[in-house]
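Note sheet for the following structure.
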Amino acid sequence: MIEAIFSYEFLQNAFAAGLIIGVIAPLLGVFIVVRRLSLIADALSHVTLAGIAGSLYLSQSVASLALLNPLFLGIAASVGGSMLIERLRSLYKHYQELAIPIILSAGIGFGAIFISLAEGFSSDLFGYLFGSVSAVSREDLFIVVGVAVVVLAFVFIFFKELFVLSFDDEYARASGLPAKWIHFMFMIVTALVIAGSMRIVGILLVSSLMTIPVATAMRVTKSFKQTIILSIVFGEISVITGLVSAFYLDLAPGGTIVVTSIFLLLLVLAYKK
């Protein structure tokens with residue numbers, strides 16, 4: 001396996017991107033889980049699917065867009081979806097959870113339309129849905145690196161604010177924190193992580209990598225920082241094991257990564273019991 005990594009560029013891209021995603025996805029996932037916003041990741045992933053399907057359709061219809069990386073339109077759709085969720089949450093102040101199924105449904109609807117216009121599933125779209133080791137290009141890797149830089153910088157700069165907002169939103173607002181602005185930026189960063197992770201984990205499974213390692217870590221840790229560290233550890237174990245399994249068994253890496261993370265959760269639950 002190690003020799004193959006040094007021999008093939010696509011494996012280098014896949015493992016480098018996977019290791020990065022194994023850090024940033026659980027890192028943001030801790031804040032998402034604590035704030036009880038786990039379903040937002042599902043909603044944004046389906047919006048990203050619509051963007052990817054739309055990009056693939058445009059590449060078939062417009063010759064000048066044939067070389068456009070679908071990841072760019074997927075990122076744009078995901079960021080737009082996050083902004084719409086925030087807008088809807090402000091409109092339905094007493095029923096904020098309504099924003100998630102509305103955007104999720106819109107993502108599924110537009111995705112189905114673009115897939116139909118593109119004359120069904122292609123191998124490229126299947127790779128975006130469930131991940132693909134061989135499809136990760138150097139350009140995809142650079143995009144993941146850029147997303148990771150933004151995520152790490154955001155969490156490092158606003159860690160205290162995010163911590164307070166996650167556990168006591170009312171206190172944060174009363175103390176003068178720009179809660180609305182920080183939450184808005186957090187949603188955009190979450191959208192970037194979801195869009196950047198889909199090449200490895202897949203659009204339909206990326207939310208699992210943001211939540212399951214966190215659920216596993218929460219069973220054995222006693223502090224917030226410990227939860228972050230252990231979530232990243234479980235995330236990396238899931239990614240590495242999943243990518244190796246996908247390479248040898250010729251399976252979709254998204255499935256093997258998620259199954260590994262579920263297996264780790266079951267082991268921890270059994271141990272605690």
Side-chain angles (χ1 to χ4, degrees), residues 17 20-21 24-25 28 32 37 39-90 99-118 121-122 124-132 135-154 181 183-207 209-210 254:
I20 295 172
I21 291 166
I24 60 176
L28 278 187
I32 289 174
L37 297 174
L39 289 178
I40 282 181
D42 280 315
L44 293 179
S45 65
H46 285 80
V47 173
T48 306
L49 170 61
I52 292 294
S55 180
L56 294 176
Y57 168 66
L58 290 175
S59 66
Q60 295 177 5
S61 306
V62 183
S64 59
L65 298 178
L67 298 179
L68 178 67
N69 191 331
L71 203 55
F72 292 120
L73 193 53
I75 290 175
S78 185
V79 171
S82 68
M83 296 170 68
L84 286 173
I85 287 177
E86 278 305 290
R87 179 58 179 165
L88 289 171
R89 280 165 60 89
S90 65
I100 298 176
I102 290 173
I103 297 302
L104 189 148
S105 301
I108 294 175
F110 280 108
I113 290 173
F114 286 127
I115 290 172
S116 300
L117 291 173
F121 284 87
S122 64
D124 288 338
L125 187 56
F126 185 86
Y128 281 110
L129 287 173
F130 303 106
S132 175
V136 183
S137 65
R138 188 68 68 174
E139 185 180 19
D140 294 334
L141 176 59
F142 289 152
I143 292 173
V144 171
V145 171
V147 169
V149 171
V150 173
V151 171
L152 294 175
F154 176 74
W181 183 84
H183 185 68
F184 181 75
M185 292 298 298
F186 177 79
M187 291 294 295
I188 292 178
V189 170
T190 302
L192 291 176
V193 171
I194 290 172
S197 304
M198 58 192 174
R199 264 305 197 188
I200 294 294
V201 189
I203 296 170
L204 299 182
L205 300 172
V206 64
S207 61
L209 188 60
M210 300 184 78

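The chain is numbered in sequence order, starting from 1.
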Legend entry - Distance in Å, Leu104 CG paired with Ile40 CD1, rounded so as to fall on 0.5 Å steps: 11.0 Å

Legend entry - Residues Ile103, His46; criterion side chain to side chain contact (heavy atoms under 4.5 Å, CB included); working and verdict: CA-CA 8 Å; Ile103 297 302; His46 285 80; over 6 Å; no

Legend entry - Pairwise distance CG(Leu84) to CD1(Ile102) - rounded to 0.5 angstrom: 10.5 Å

Legend entry - Whether Ser78 side chain and Gly74 backbone form a donor-acceptor pair below 3.5 Å: no

Inset, instruction - Mind checking the CD1-CE spacing from Ile32 to Met210? Nearest 0.5 Å is all I need. - result: 3.5 Å

Legend entry - Donor-acceptor contact present, side-chain Ser55 to main-chain Ile52, <3.5 Å: no

Legend entry - Nearest-0.5 Å distance that lies between atom OG in Ser137 and atom CZ in Phe142: 9.5 Å

Inset, instruction - List for me each residue that meets salt bridge (Lys or Arg N to Asp or Glu O under 4.0 Å) alongside Arg87, sequence neighbours excluded, and say none if there are none. - result: none

Inset, instruction - Please report the closest heavy-atom contact between Ala53 and Ile115, naming both atoms and the distance. - result: CB-CG1, 3.9 Å

Legend entry - Min side-chain heavy-atom separation Leu44-Ile85 under 4.5 Å: yes

Inset, instruction - Return the set of residues passing side-chain hydrogen bond (donor to acceptor under 3.5 Å, both in side chains) with Thr190 (not counting sequence neighbours), or none when no residue passes. - result: none

Inset, instruction - Might you point out which heavy atoms bring Ile100 and Leu39 nearest each other, and give the distance in Å? - result: CG2-O, 3.6 Å

Legend entry - Residues in side-chain contact (heavy atoms from CB on, under 4.5 Å) contact with Ser197, at least two apart in sequence or another chain: Ile21, Val193, Val206

Inset, instruction - Show the numbers, then the answer: is there a side chain to side chain contact (heavy atoms under 4.5 Å, CB included) between Leu117 and Ile113? - result: CA-CA 6 Å; Leu117 291 173; Ile113 290 173; 4.0 Å; yes

Legend entry - With Leu49 via side-chain contact (heavy atoms from CB on, under 4.5 Å) - residues at least two apart: Leu125, Leu129, Ile203

Legend entry - Side-chain donor/acceptor of Ser45 to backbone N/O of Asp42, under 3.5 Å: yes

Inset, instruction - Taking side-chain contact (heavy atoms from CB on, under 4.5 Å) as the test, write out the residues that go with Ala50, two or more places apart. - result: Phe110

Inset, instruction - With rounding to the nearest 0.5 Å, note down the distance linking CG in Leu209 to CD1 in Ile194. - result: 11.0 Å

Inset, instruction - Under the side-chain contact (heavy atoms from CB on, under 4.5 Å) rule, collect the residues that match up with Phe72, sequence neighbours excluded. - result: Leu68, Asn69, Glu139, Ile143

Inset, instruction - Can you see which heavy atom on Ile200 is nearest to which on Ala17, and at what distance? - result: CG1-CB, 4.1 Å

Legend entry - Spacing of CD1 belonging to Ile188 relative to NE2 belonging to His183, to within rounding of 0.5 Å: 11.0 Å

